[in-house]
There are 4 protein chains.
Amino acid sequence: MSQTKKTQIISAAKQLLAEHGIENIKVNDIVKQAGVAQGTFYLYFRSKSALIPEIAAELIGELLQIQREKLSQVVRTSDKIDIIIDTSFEVSRSYRGLLSLCYSGLAINDELSEWERIYEPYKTFIEEILEAGKAEGEVTQQIATSSAAQMMISLIEETTERVHLHEDETEVPHEKEQLRTFLKRALLHV
Amino acid sequence: MSQTKKTQIISAAKQLLAEHGIENIKVNDIVKQAGVAQGTFYLYFRSKSALIPEIAAELIGELLQIQREKLSQVVRTSDKIDIIIDTSFEVSRSYRGLLSLCYSGLAINDELSEWERIYEPYKTFIEEILEAGKAEGEVTQQIATSSAAQMMISLIEETTERVHLHEDETEVPHEKEQLRTFLKRALLHV
Amino acid sequence: MSQTKKTQIISAAKQLLAEHGIENIKVNDIVKQAGVAQGTFYLYFRSKSALIPEIAAELIGELLQIQREKLSQVVRTSDKIDIIIDTSFEVSRSYRGLLSLCYSGLAINDELSEWERIYEPYKTFIEEILEAGKAEGEVTQQIATSSAAQMMISLIEETTERVHLHEDETEVPHEKEQLRTFLKRALLHV
Amino acid sequence: MSQTKKTQIISAAKQLLAEHGIENIKVNDIVKQAGVAQGTFYLYFRSKSALIPEIAAELIGELLQIQREKLSQVVRTSDKIDIIIDTSFEVSRSYRGLLSLCYSGLAINDELSEWERIYEPYKTFIEEILEAGKAEGEVTQQIATSSAAQMMISLIEETTERVHLHEDETEVPHEKEQLRTFLKRALLHV
DNA sequence: TATGAATGAGTCTTCATTCAT
DNA sequence: GATGAATGAAGACTCATTCAT
């Protein structure tokens with residue numbers, strides 16, 4: 001039951017965060033939206049900025065879970081990349097701008113390591129895919145999986161954010177295609 | 001002469017911005033550092049947040065100028081990419097974190113178009129390089145220059161920021177190399 | 001209990017307002033005098049200028065209540081006018097200058113209608129007296145009660161304010177007498 | 001020539017004062033409107049608040065001059081009152097709200113005596129009219145001319161301001177008529 | 001006289017956080 | 001656990017006034 005309150009708060013925060021920026025939402029807004037009292041917030045979060053990592057973690061977790069699921073039966077790395085891009089676009093759409101807000105929010109608060117800790121499992125997930133791809137001979141040996149995973153994640157994230165911020169859905173397919181091409185050229189054997 | 005004051009303010013702001021985040025610096029700090037009065041700030045900037053675009057513009061301008069100069073005698077796109085990466089790392093080092101702070105600052109203030117206006121010239125510069133590379137048969141026809149330029153810029157920026165935030169100079173050469181490989185694979189003919 | 005805080009603030013504000021002008025008192029002064037925190041002020045008032053109407057309303061309410069009471073057993077309009085003048089002088093003395101400050105405060109903030117809404121009940125009260133006087137044949141039919149009430153209120157208010165601002169109590173009886181004569185000549189049958 | 005600058009400033013201030021309140025106009029607004037430099041203001045006025053009395057004096061002077069002129073050939077006090085009311089309405093219309101702003105401006109600045117000094121000549125002018133009316137047997141002996149003059153001025157001023165602030169020109173004739181009746185009943189023999 | 005860039009004290013308002021109930 | 005009234009530090013911004021030119 002007490003978990004309910006926390007969940008309500010996180011949901012409310014996610015919603016507001018996606019609409020406005022981190023600096024533009026007040027604890028007051030969140031609790032109002034969540035339908036709980038001001039003080040309740042501090043029962044579950046040490047401070048306002050402690051909220052961001054939790055949301056980020058939830059987001060990444062969600063993304064990871066969806067992708068794990070969708071990739072379970074997929075074999076070719078090329079297909080995996082397609083799916084990763086597609087799901088990223090979908091998740092990013094519903095959280096419009098939230099990821100980069102999380103990022104800047106964390107960066108601002110000098111909690112870089114916190115951020116990395118949260119991103120860790122996702123990065124590992126991508127690394128494993130690339131590693132497997134290398135083993136299969138599909139992914140180039142030229143690039144270190146750690147760096148490549150990082151660049152791949154950044155590029156996908158940045159592109160999805162950018163595209164969605166533009167609010168012009170018509171260019172989505174083209175940008176997605178470009179991203180696909182770019183990534184595959186960089187990572188896969190010709 | 002009155003330009004001096006504005007310059008002083010921008011310099012001070014750049015310095016402080018690189019050290020702390022945008023939300024962590026006060027107008028008061030900036031003017032103190034700049035050696036001008038509180039009111040003087042508002043003589044040259046409509047508000048605190050109006051400062052960011054100006055700094056960003058200056059930064060981009062600087063980057064653009066340096067790269068234009070260094071690339072003037074270079075022919076091969078591959079070499080151009082090397083130089084762009086190198087100079088980006090250098091500029092980014094001296095402005096440690098400033099670019100992404102500018103970005104988040106702008107994103108927070110919903111001034112996306114302002115941000116794009118500022119980035120415009122740099123993006124065009126990169127596009128022209130890629131276009132020329134296509135003409136020379138060095139750059140792949142597979143990718144649209146506009147998208148490619150955007151992705152290239154994002155990737156370089158994100159990587160430089162990330163590497164510099166880690167404050168571990170030893171990994172710079174490796175990351176730089178990885179970035180080079182990644183980009184060239186994506187953009188150039190094999 | 002929470003009403004207490006608001007009451008404290010209004011009391012403090014009334015006191016300070018009577019001593020200084022609206023533009024000369026700071027929110028800080030008010031809360032210090034009231035013994036509450038800075039933020040508490042904004043819990044009960046949207047802004048500093050939102051305070052004035054509330055005080056004005058309270059003042060008018062007080063004046064109205066006193067006069068209603070004192071006039072309950074009085075029959076002749078002439079006597080009623082005497083009592084209205086007397087009580088106005090008394091109330092005005094204890095709020096020295098406050099009424100006109102309220103007025104200017106409102107006028108400055110372009111909230112004329114707000115001001116009229118507040119004055120409404122008092123004006124109605126005076127109108128009813130004049131109407132009753134007309135029915136009794138004591139008040140002249142020459143003048144419309146609405147206009148007459150307005151003029152009567154203005155004249156009394158202006159005179160009391162003026163007299164009290166002079167801080168020379170010796171002239172009060174004379175001015176009061178003059179006001180009485182003036183008003184009765186204007187309103188009553190000879 | 002230097003008088004020109006001062007005149008420009010006063011004109012600009014009158015205009016702005018009539019549109020906004022005293023507290024809402026800045027020296028900057030005035031000088032911009034006047035087309036002079038910021039510093040020029042302080043060449044002619046000790047401070048911002050020193051401007052109000054000058055404007056008030058000019059206004060009163062204007063009113064006085066007009067009325068003196070119009071009354072020069074008039075004999076009956078009743079007619080004089082009509083003319084005074086009419087001209088007051090006219091002048092007040094073009095300075096919509098300015099008089100009361102002057103008043104509150106001065107009251108706020110505790111310069112009551114200054115205000116009275118400025119009003120002095122006008123009050124004397126009205127007193128003389130009433131005195132003459134008494135001599136002619138037209139004005140009642142019941143009321144002291146000093147008090148009566150003051151009340152008459154206040155009432156006219158308050159009424160004109162009120163009517164003009166309402167911006168409903170259709171009620172002007174009725175209110176004017178009511179004022180006329182009220183004043184004549186109060187001051188003249190039946 | 002005239003200018004207008006520069007000043008900086010002054011104040012409103014916000015909002016994360018606390019704590020008595 | 002839950003509440004929400006109360007807190008008060010913090011900071012952006014204003015604007016009358018000055019003064020070097």
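Below, read A as the first sequence line, B as the second, and so on, with proteins coming before strands; counting in each chain starts at 1. This one's a predicted model, so the numbers in the text were calculated from it and none came from an experiment. Because only heavy atoms are used, hydrogens play no part in the values below, and waters and symmetry mates are left out as well, while side chains stay in.
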Ignoring backbone atoms, establish whether K5(C) has a side-chain N or O less than 4.0 Å from OP1 or OP2 of dT7(F). yes
Where the side chain of K26(C) is concerned, which of dA2(F), dC12(E), dC15(F) is the nearest nucleotide? dC12(E)
How close or far is atom C1' of dT14(E) from atom NZ of K48(B), stated in whole angstroms? 13 Å
What integer distance in Å separates K32(B):NZ from dG11(F):P? 10 Å
DNA chain F nearest-nucleotide lookup for F41(C) and G39(A): closer to the 5′ end is G39(A)
Considering heavy-atom distances to DNA chain E, does A37(B) or V27(C) have its closest nucleotide positioned more toward the 5' end? A37(B)
Compare every heavy atom of A57(C) with every heavy atom of I118(C), then report the nearest pair and how far apart it is. CG2-CA, 3.5 Å
Give a yes or no on whether the backbone of V27(A) and the side-chain of K32(A) come within a donor-acceptor separation of less than 3.5 Å. no
Which of dA2(E), dT17(F), dA6(F) is nearest the side chain of Y42(D)? It is dT17(F)
How many whole angstroms separate atom CD1 of I25(D) from atom C1' of dC15(F)? 13 Å
Presence of donor-acceptor pair under 3.5 Å, side chain of Q38(A) and base of dT17(E): yes
Between L43(D) (CG) and dA16(F) (P), how many Å, whole number? 17 Å
Is there a side-chain contact between T40(D) and the phosphate of dT3(E), meaning an N or O under 4.0 Å from OP1 or OP2? yes
Among the nucleotides dA6(E), dG11(F), dC13(F), whichever has the atom closest to the side chain of S47(B) is dC13(F)
Output yes when at least one side-chain N/O atom of Y44(A) is less than 4.0 Å from OP1 or OP2 of dG1(F), else no. yes
Measure up the F45(B) and F41(B) rings against each other and bin them: parallel (under 30°), tilted (30 to 60°), perpendicular (over 60°). tilted
Determine the contact category for V31(A): base if any of its heavy atoms lies under 4.0 Å from a base atom, sugar-phosphate if only primed atoms, P, OP1 or OP2 are that close, otherwise nothing. nothing
Main chain of A34(C), side chain of Q8(C): is a donor-acceptor contact present, judged purely on distance under 3.5 Å? yes
Quick one: look up who dT21(F) pairs with, Watson-Crick or G-U, both distances under 3.5 Å, and put none if it's unpaired. dA2(E)
Could you check how far CZ of F45(A) sits from P of dT17(E), rounded to whole Å? 13 Å
Rounded to the Å, how far apart are N28(A) CG and dT13(E) P? 18 Å
Rounded to whole angstrom units, what separation is found between the CD1 atom of I30(B) and the P atom of dC13(F)? 11 Å
Atom CG of L51(B) to atom P of dA12(F): distance rounded to whole Å? 11 Å
Does the distance from a Lys or Arg side-chain N to an Asp or Glu carboxylate O, for E116(A) and R162(B), drop under 4.0 Å? no
